[in-house]
Every structure is written in C-alpha cells, then in structure tokens.
Amino acid sequence: MFGIHIQCSTMKIYFIPLFLITFLWLTSCVSVPRKQLSRMIPPSIHTAVEQAYAMAESLRTDTTRLPRSIDNRGNLMTSDSRWWCSGFFPGSLWYLYELTGQDSLRVLAESFTRRVEREKFTTNNHDVGFMIYCSFGNGYRLTRNATYPEVMLTAARSLSTRYNPKIGLIRSWDSHKQRWQYPVIVDNMMNLELLMWATRYSRDSSFYKIAVSHADKTAENHYRPDNSCYHVVSYDPKTGKPEKKETGQGYADESSWARGQAWGLYGYTMMFRETGLERYLNQAKAIADFLIHHPNLPEDKIPYWDFDAPDISDAKRDASAAAIMASALIELSGFVDKKLRNEYLSVAEQQLITLSSPAYRAEIGTNANFLLKHSVGNMPSKSEVDVPLTYADYYYLEALARYKRFVLEQ
C-alpha cells in the first residue's frame with residue numbers, strides 16, 4: 001500500500017495511506033472556496049442592500065422608471081416598463097428581501113413590482129416572461145400575495161398568443177421582418193418558466209404543451225453537435241422548418257455568444273426541474289460540459305462576451321453571462337451525481353468569488369448604484385459594452401441566494 005510516514009511530537013510514527021491523503025486533500029480543496037464564500041457573501045449582500053436603497057431613492061419621484069444601465073458618462077440610464085429588463089430590479093429587491101428579511105426591502109419590492117404590472121398585457125414580444133415572472137413571480141413565491149397570480153396568469157396567456165402550433169415555437173420578435181420571417185432566440189428559453197408556473201397554478205395543460213414544444217424544438221434546431229447554440233433561428237411559417245441560423249448579438253453566426261449559452265443552460269435546467277423529463281437534464285448537462293471545459297473560459301470563470309471573439313485574450317468579459325451561468329450550475333448541481341455536483345459547484349464558486357471581488361463588485365455609492373461592473377449587452381451594435389446591467393445584478397443575487405440555501409445551509 002502506498003502512503004507516507006508521519007512522525008508526531010510524541011516520537012510515534014504513523015503510516016497514512018495514499019488514498020486517505022488524497023481524500024483529505026480533495027476535501028480541503030472543496031472546502032476552501034466555500035469558506036471563502038461564506039466570508040464574502042455577507043459583505044456582498046450588505047453592499048447590494050445599500051446600492052439598492054440608493055437606486056430606489058434615485059427613482060422615487062418618477063414612478064414610471066426602472067434602472068437599465070449607464071451612459072458613456074457614467075450616468076444612470078433608465079427605461080419604462082416596456083423595456084425587456086423592467087422586471088429585474090423589482091426581482092433584485094425581492095431577492096434582497098429573501099436574503100435579509102428586511103420589511104423595508106419588501107415594501108420597495110412591492111412598489112417597484114407595481115411599475116411593471118401593465119406588461120401582463122404585452123403580446124408584441126416574448127419578454128413578458130422576464131418582465132412579470134422575475135418581479136411578480138418572486139413576489140408571489142415569497143409573500144403569497146393573493147393579487148399576484150391574476151397578473152401572472154394574464155401574462156402567461158399573453159405570452160401564449162405568440163405560439164404558432166405549426167412551427168411549435170414562441171416567436172421572439174415582430175421586428176426584423178426583412179431579415180427573418182419567424183425569429184426565435186435562445187433567450188426565449190428563460191420565458192418558459194412563466195408558462196410552467198401557470199401550468200401548476202391553473203392546471204391548464206395548454207401552457208405545459210407550449211413550453212415543452214418550444215424547449216424540444218429549440219434543442220433540435222438551435223444546438224450544434226458540440227452542444228453550443230445559435231443565437232437566432234428563423235423559421236419559414238409555410239413549412240415550419242428553419243430557414244436561417246444566425247446571430248444578433250454574438251461575434252458571428254457560427255460563434256458561441258456567451259450569454260446565449262448561459263440562457264440555454266439555465267433554461268434547460270429549469271425545464272428539468274419543472275417537468276422531470278430526462279431529456280432536459282441531459283441537454284443541460286451537455287451545455288454545462290461545453291461551457292466549463294471550453295478552452296477559452298478564463299481561469300476566473302468569467303466568460304468573454306463571445307467564446308470565439310477575435311483577439312480573445314483582450315476581449316471584454318461579460319459578468320452577466322457569469323452570473324446566469326453560476327445560478328444555473330448551482331441548481332443543476334442538485335440534479336446530478338456527486339462527481340458532477342462537485343464539478344459544477346467548483347465553477348460556480350469561482351464565478352461567485354470573482355464577481356464578489358473588487359474587480360467586479362462595485363463599492364457603495366459608485367457604479368450609478370448598480371452592484372456589478374463589466375457586462376456586455378450588445379457588442380455588434382456597440383450598445384451597453386463594459387457597463388453594469390440590471391440583469392447581471394439580478395442573476396448574481398439569485399446565485400448568492402441559491403448558494404446560501406442549497407450549499408451553505410445544507
């Protein structure tokens with residue numbers, strides 16, 4: 001048997017088998033990032049709370065506005081509820097209420113959630129899921145407010161109007177008609193969670209059928225043999241078949257836009273949780289394998305904005321992609337065997353450690369009161385590049401809440 005001999009202070013010599021040394025070493029390696037995160041999470045939450053209070057105060061007088069990003073002078077950019085990101089700040093407030101139990105945060109969350117209620121009638125884009133589920137969905141999960149289900153059910157019905165049974169998918173955009181006939185983006189996987197909630201709450205199977213069909217068709221047509229995905233697949237409404245496979249926000253049609261890969265990982269993990277269908281777990285695991293073993297994923301696990309970006313070592317990082325990926329990996333780790341669980345958690349832990357460091361987490365009173373720095377919205381359009389983004393903060397806080405609940409408190 002292989003091992004080493006250790007002499008202690010009493011002059012006795014002990015033989016320690018190699019397998020035990022390996023076990024102790026591995027255990028130590030696993031515990032270090034968790035100890036580090038257990039120290040980093042409380043100050044991160046404190047900073048997030050202070051930033052959220054300041055952000056809410058800056059928007060107190062205009063009750064129609066919600067945070068979006070910053071402009072090229074570092075000033076706060078806002079939107080009304082029509083912008084696809086409108087539900088993320090209310091959702092962030094709900095996560096901070098969950099993490100702290102502070103009633104003042106609940107009151108703020110309720111107030112900002114009301115700002116997006118009119119989007120329950122949105123039928124001209126697929127983002128009603130982001131708008132309503134991130135805000136009202138989290139609010140209902142935490143408070144069981146009796147008025148929230150009506151809003152979410154109305155929104156689910158609005159989203160369902162965008163489903164074409166011949167194609168089997170929810171249409172993403174109505175614009176771009178000269179470029180794409182029936183565009184479907186991988187981001188749309190995220191909006192299926194609203195439909196799955198509506199299925200459970202209403203017991204109306206039509207929501208389930210739409211969500212499952214959309215997830216199945218996306219897996220069939222968006223994903224390449226290496227388990228990376230296209231951003232946009234456009235369909236011919238006459239045949240129901242793909243006509244084009246391109247990108248809207250990535251470097252190139254055949255490249256791997258980082259946030260798009262993260263949307264898919266999160267979406268299929270969620271669909272497995274909601275349906276129990278093994279094919280969605282397999283899809284999520286395949287996407288995770290592509291991401292965490294990609295040669296262009298940096299050591300700190302914060303992806304470049306596109307895995308195939310030119311001059312990759314100098315390419316911009318995308319904190320939003322890292323936050324989405326971390327949140328998804330933490331949940332996915334609960335559905336797999338111990339080996340994969342440790343692998344997924346080790347990546348998510350490194351991402352949270354990096355995002356919680358001064359390199360990415362803003363100091364209180366800076367960054368226009370956003371929490372994270374260095375995200376990329378739309379590089380080809382030179383829009384929201386290397387700036388804070390409201391959805392980066394949302395998924396970072398969700399990841400912290402999930403890690404605290406599923407890992408540290410287990």
Side-chain angles (χ1 to χ4, degrees), residues 63-64 66 79-98 105-163 169-172 187-215 263 266-276 280 324 327-328 331 390-391 394-395 397-398 401-402:
T63 59
T64 67
L66 294 134
S79 72
D80 64 11
S81 64
R82 300 299 187 203
W83 182 243
W84 73 275
C85 300
S86 60
F88 289 120
F89 182 61
S92 292
L93 291 169
W94 283 119
Y95 274 121
L96 288 173
Y97 169 62
E98 180 179 5
L105 286 167
R106 175 185 56 79
V107 171
L108 280 178
E110 290 171 340
S111 174
F112 279 89
T113 293
R114 286 193 292 272
R115 297 188 184 194
V116 300
E117 181 173 353
R118 68 173 179 169
E119 301 312 319
K120 65 186 178 183
F121 299 117
T122 294
T123 58
N124 64 356
N125 67 73
H126 69 110
D127 290 314
V128 63
F130 279 128
M131 297 167 175
I132 297 300
Y133 195 77
C134 295
S135 54
F136 283 89
N138 277 308
Y140 184 67
R141 177 176 64 85
L142 293 171
T143 69
R144 286 298 188 261
N145 185 318
T147 67
Y148 285 8
E150 179 276 328
V151 176
M152 292 190 286
L153 280 175
T154 300
R157 295 187 186 106
S158 296
L159 179 58
S160 297
T161 65
R162 302 190 60 75
Y163 178 74
L169 290 143
I170 298 167
R171 183 184 183 120
S172 296
D187 319 34
N188 209 347
M189 285 297 303
M190 304 292 286
N191 293 295
L192 303 184
E193 191 164 10
L194 174 64
L195 299 182
M196 297 309 300
W197 173 88
T199 299
R200 294 196 314 275
Y201 187 85
S202 69
R203 299 188 179 182
D204 181 346
S205 63
S206 64
F207 297 120
Y208 179 93
K209 291 174 182 175
I210 291 172
V212 166
S213 176
H214 186 98
W263 290 141
Y266 189 113
Y268 282 103
T269 300
M270 176 276 297
M271 284 299 291
F272 174 70
R273 178 226 304 156
E274 295 293 333
T275 68
Y280 297 145
I324 298 160
S327 184
E331 180 170 37
T390 186
Y391 47 93
Y394 174 88
Y395 288 105
L397 291 172
E398 180 180 74
R402 285 179 167 180

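In this text the structure is predicted, and so the values were computed from the model without any measurement.
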With sequence neighbours left out, the residues meeting side chain to side chain donor-acceptor pair (under 3.5 Å) with Ser111 are none

### Query
Would Ser327 and Glu331 count as having a side-chain donor-acceptor pair, cut-off 3.5 Å?
no

Margin query: I'd like to know if the side chain of Thr143 reaches the main chain of Tyr140, judged simply by a donor and an acceptor atom lying under 3.5 Å from each other, with no hydrogens or angles considered.
Written below: no

Sorted by chain and residue number, the side chain to side chain donor-acceptor pair (under 3.5 Å) partners of Thr64 (sequence neighbours excluded) come out as Asp62

Parallel, tilted or perpendicular, as decided by the 30° and 60° cut-offs, for the rings of Trp197 and Tyr201: parallel

- Query: Should the pair Tyr268 and Tyr280 be assigned to parallel (<30°), tilted (30 to 60°) or perpendicular (>60°) ring geometry?
  - Reply: tilted

When you measure from the side chain of Ser86 to the backbone of Arg82, do you find a donor-acceptor pair of N or O atoms at a distance under 3.5 Å?
no

### Message
Tell me whether Asn138 contacts the main-chain N or O of Trp94 through its side chain, where contact means a donor paired with an acceptor under 3.5 Å.
### Response
no

Sequence neighbours excluded, the answer for side chain to side chain donor-acceptor pair (under 3.5 Å) partners of Ser81 is Arg118, Glu119

Stepwise salt bridge (charged side-chain N to carboxylate O under 4.0 Å, His left out) test for Arg114 and Glu110: CA-CA 6 Å; Arg114 286 193 292 272; Glu110 290 171 340; 5.1 Å; no

Can any side-chain N or O of Arg162 pair as donor or acceptor with the backbone N or O of Ile170 at less than 3.5 Å? no

Rounding to 0.5 Å, atoms CE (Met131) and OG1 (Thr122) come to a distance of 5.0 Å

By side chain to side chain donor-acceptor pair (under 3.5 Å), Asn124 pairs with (sequence neighbours left out) none

Please check this pair: side chain of Ser213 against backbone of Ile210, looking for a donor-acceptor N/O pair closer than 3.5 Å.
no

So the salt bridge (charged side-chain N to carboxylate O under 4.0 Å, His left out) pairs with at least one residue in residues 194-215 (sequence neighbours excluded) are Arg200-Glu274

For residues 125-134, the salt bridge (charged side-chain N to carboxylate O under 4.0 Å, His left out) pairs (sequence neighbours left out) are none

Hey, can you tell me if Tyr395 and Trp263 have their rings parallel, tilted or perpendicular (30° and 60° cut-offs)? perpendicular

